[in-house]
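Positions are given from 1 along the sequence. Both ligands and their constituent atoms are indexed starting at 1 by order of listing.
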Amino acid sequence: MSDANCRRTLAADGRFRRPFPLPTSKAQYAPDRRARIEHIALTLSFDFKRAILYGRCETTFTAIGGALSSLVLQAGQMRIKDVRCGGKRTPFELIGDKLHIGVPKLAEGRSATVAVDYEVHKPEQGIYFIRPDKAYPDKPYQVWTQGQDADAHYWFPCVDHPNAKATTEVTATVPADCFVLSNGTLVSEALDRSRKSKTYHWKMDVPHVTYLVSVVAGEFVGRTSKVDGVPVSWYVEPGRETEGQRSFGKTPTMVRFFGDRIGYKYPYAKYAQIAVRDFIFGGMENTTCTTQTDSTLHDARAAIDFTSDDLVAHELAHQWFGDLLTCKDWAHAWLNESFATYFDSLFKQFDRGEDEFVIQRLVDQERYLKEDDERYRRPIVTNVFREPSDLFDRHLYEKGACVLHMLRTQLGDELWWRGINQYVTTNAMGNVETVDFARALERVSGRNLAQFFDQWIYGAGHPEFEIAYRWDADAKAAVVDVKQTQPETDGTSLFSVPVTLEFGLPRGKRERASITCDAREQSFRFPLPAKPQTFVFDPNADVLKTVKLGVPRQMLLHQLASEPLVASRIAAARALASDASPDSVAGLAEALGNDAFWGVRAEAAKALGKIRSDAALAALVRATKVAHPKARRAVAEALGEFRGDEPCRALEPLLASDKSYFVEAEAAKSIGKTRSSRAFDQLSRAMRKTSFNDVVRVHALAGYGELGDERAIAIALEWTSYGRSIFARRAAIAALAEFGDRRKDVVDAVIALLHDKQLRVRLAAVDALGKMNAAAALHELDHLATLDVDGRLASAAVEAAQKIRAGTAQSDELRRLRQDVDELRAANAKLQERLAEVGSPAATDGKRNGRARQAARRR
Ligand SMILES: [Zn+2]
């Protein structure tokens with residue numbers, strides 16, 4: 001389908017980024033579907049204390065494409081007790097994780113039902129038993145499942161691939177004080193007084209995929225409201241109702257918003273969200289019953305600059321994009337994730353306005369560009385991967401969202417929404433591939449979108465522009481030279497992109513022009529009534545790109561101070577970040593203090609942090625009381641770009657008592673980055689603060705890592721221990737990674753965490769070992785990669801091992817190069833001696849110039 005880039009390429013700053021496919025990646029295809037799964041009925045009970053699931057799975061299926069005499073289901077790490085077909089025992093064999101079930105010969109088009117009785121003991125994937133223990137005595141008993149992307153077969157035998165959709169039902173028996181949430185409609189709820197148990201029967205009569213089948217059990221309380229007749233509920237642990245309302249309160253508005261915009265009403269009998277302990281993702285869009293992490297529940301203080309709306313809107317959008325329409329194959333997973341990401345920001349546009357929508361887009365662009373720059377580049381659609389989870393990256397979420405936004409701006413709102421409606425209506429309840437989406441848009445718009453999809457979806461990268469602006473006074477024309485500088489490698493092409501240009505003329509007049517950038521170098525001339533005061537390339541930041549602007553400073557300053565569009569003012573701040581002149585710093589300081597929107601203030605702070613001059617520092621110090629908490633947080637972050645006591649002292653009051661948890665947190669990290677002699681004590685104070693999701697400790701631990709003070713090692717080691725919060729544990733591991741592999745005790749401690757009980761700690765440990773270049777961990781990492789474990793963990797282990805081997809190879813190479821240099825130096829010295837003997841002047845200059853030294857100090 002699309003190519004795998006196999007060469008290593010140089011990132012912008014000279015580091016190597018790896019090819020996307022990991023060493024054991026290969027082209028993946030959806031399996032055949034000789035047996036069409038019609039219905040899955042699960043009967044479940046649990047031993048909460050011993051972490052055992054007792055299950056019966058009845059699968060009804062139909063033979064297609066010829067007669068069938070067996071059914072093959074996936075059944076990972078489960079004990080199969082009994083298999084029956086039509087009530088009679090039938091032969092079965094478990095080979096690896098494939099359960100081969102013999103069935104009486106079934107003619108094409110005929111159906112049968114097999115019932116599998118099974119048990120799952122102490123599972124590590126698919127189903128999770130949350131229990132109190134000595135380290136976490138207050139933990140409640142909960143059970144929750146997590147199927148995506150291919151873990152459903154660890155809790156019930158099934159065809160665990162998104163190209164099989166079926167109706168499902170779940171009958172679960174739990175202690176009488178427990179609640180069970182599952183897909184679809186609650187058919188019955190029966191109390192058995194003698195057994196002190198309750199049985200919940202849920203039925204989902206719209207076909208959906210196995211990875212979306214969900215069961216959550218535990219003590220929960222809920223609230224329900226109705227939207228257009230559909231019950232919309234949320235469930236939290238008793239006592240957290242206020243936080244539940246704060247986090248999920250906007251859901252009914254979102255349900256109506258998405259239904260109206262898509263032109264396809266919410267498609268199921270109910271929508272529920274349930275917040276569970278120790279969830280391994282942010283949220284999971286299980287059909288009609290999203291599971292959410294309980295760490296999204298927040299108090300009033302967090303609410304000043306934190307919201308669950310993004311998460312809630314994302315998972316809800318999946319009910320259409322992912323659940324009603326499901327990617328046929330993980331290669332097309334962007335049809336789930338990019339849509340949910342973009343529709344979450346569409347809700348933001350509706351709910352919070354245009355400026356917040358722009359900020360979200362800029363954040364999405366930056367996240368993708370960072371991954372592209374530092375990690376790898378890949379096409380959004382590719383079937384070459386190791387685990388489906390490899391694809392769930394910043395290309396799949398953020399880049400795809402940016403691409404959808406470009407489609408919307410190119411088609412215009414009217415055609416875009418008709419296209420979305422066409423796509424959803426035509427494919428509802430089915431499986432989709434990228435071509436289905438393209439066809440729907442083509443049908444309503446009459447456009448040929450082949451080139452668009454080729455360059456943005458099947459191709460990789462993005463345009464990297466260099467723009468030069470000048471005014472031709474004689475001809476009274478603006479001249480704009482546009483270069484695309486991206487190399488045509490790694491599946492990246494020359495792009496054909498429409499871009500809007502805007503000229504700001506005297507007395508507030510503006511002229512816009514549209515150009516198509518489709519050549520390496522192009523020059524455009526625009527006759528104008530007067531010399532423009534501003535020139536803006538892509539004023540609303542609609543195009544995914546990088547850009548180097550060759551625009552006079554005075555015009556950029558004018559743009560920063562006076563452009564009405566937030567994206568234009570931010571673009572000016574970014575361009576000025578590489579200009580340390582007093583005018584530039586003064587303009588940025590002015591924007592930081594006075595711009596009407598916090599997002600521009602934050603960008604000005606960031607630019608001043610990049611400039612790193614004394615005047616920039618002074619401007620940031622003056623701005624520590626800026627009103628908006630998100631702007632203040634940006635100031636705290638920017639101050640971390642400076643070294644020494646002065647920025648540290650400016651940060652201390654922010655850490656000591658800010659209204660926002662996040663400002664305190666950012667101040668802590670930046671204090672570490674200042675490397676001030678005051679920093680260690682300040683961070684030790686920060687470690688005593690309790691905060692929402694431990695965010696202050698998390699950043700203080702990052703600050704210790706940045707500070708590099710060896711006294712922090714013992715502290716970080718202590719905070720990795722089982723019993724501490726998951727947030728602090730992961731941050732402590734990441735902090736240890738900053739100390740590299742020079743201390744054996746630290747490396748050994750992190751290796752030991754590869755066997756931790758908490759998955760997210762194991763993931764953090766793998767990541768840290770890669771960063772530490774810990775050759776001592778190679779054996780363990782290679783072993784982990786071969787085990788039947790969580791896909792993310794296995795791939796992360798492969799990636800870390802690859803990094804360590806490359807790092808080791810690089811340091812070997814470096815050692816060889818150093819030897820070569822030493823030898824050359826020795827040879828040179830001898831040569832100089834000889835030359836001196838024969839009377840020739842030896843010219844060596846070991847002096848470093850003062851400015852370079854100064855710059856080196858600042859860094
Ligand atoms: Zn998602």
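The aromatic rings of Phe452 and Trp456 are tilted relative to each other, their planes meeting at an angle between 30° and 60°. Between Phe339 and Phe321, the angle of the ring planes lies from 30° to 60°, which puts this pair in the tilted group. Between Tyr368 and His395, the ring-plane angle classifies as perpendicular under the 30° and 60° cut-offs. Under the 30°/60° scheme for interplanar angles, the aromatic rings of Tyr235 and Phe179 are found to lie parallel.
Vertex the Zn ion (ligand 1), arms ending at NE2 of His318 and NE2 of His314: the angle is 100° after rounding to 10 degrees.
The nearest N, O or S atom of Glu315 is not closer to the Zn ion (ligand 1) than 2.8 Å.
Taking the Zn ion (ligand 1) as reference, the nearest N/O/S atom within Glu337 carries the name OE1.
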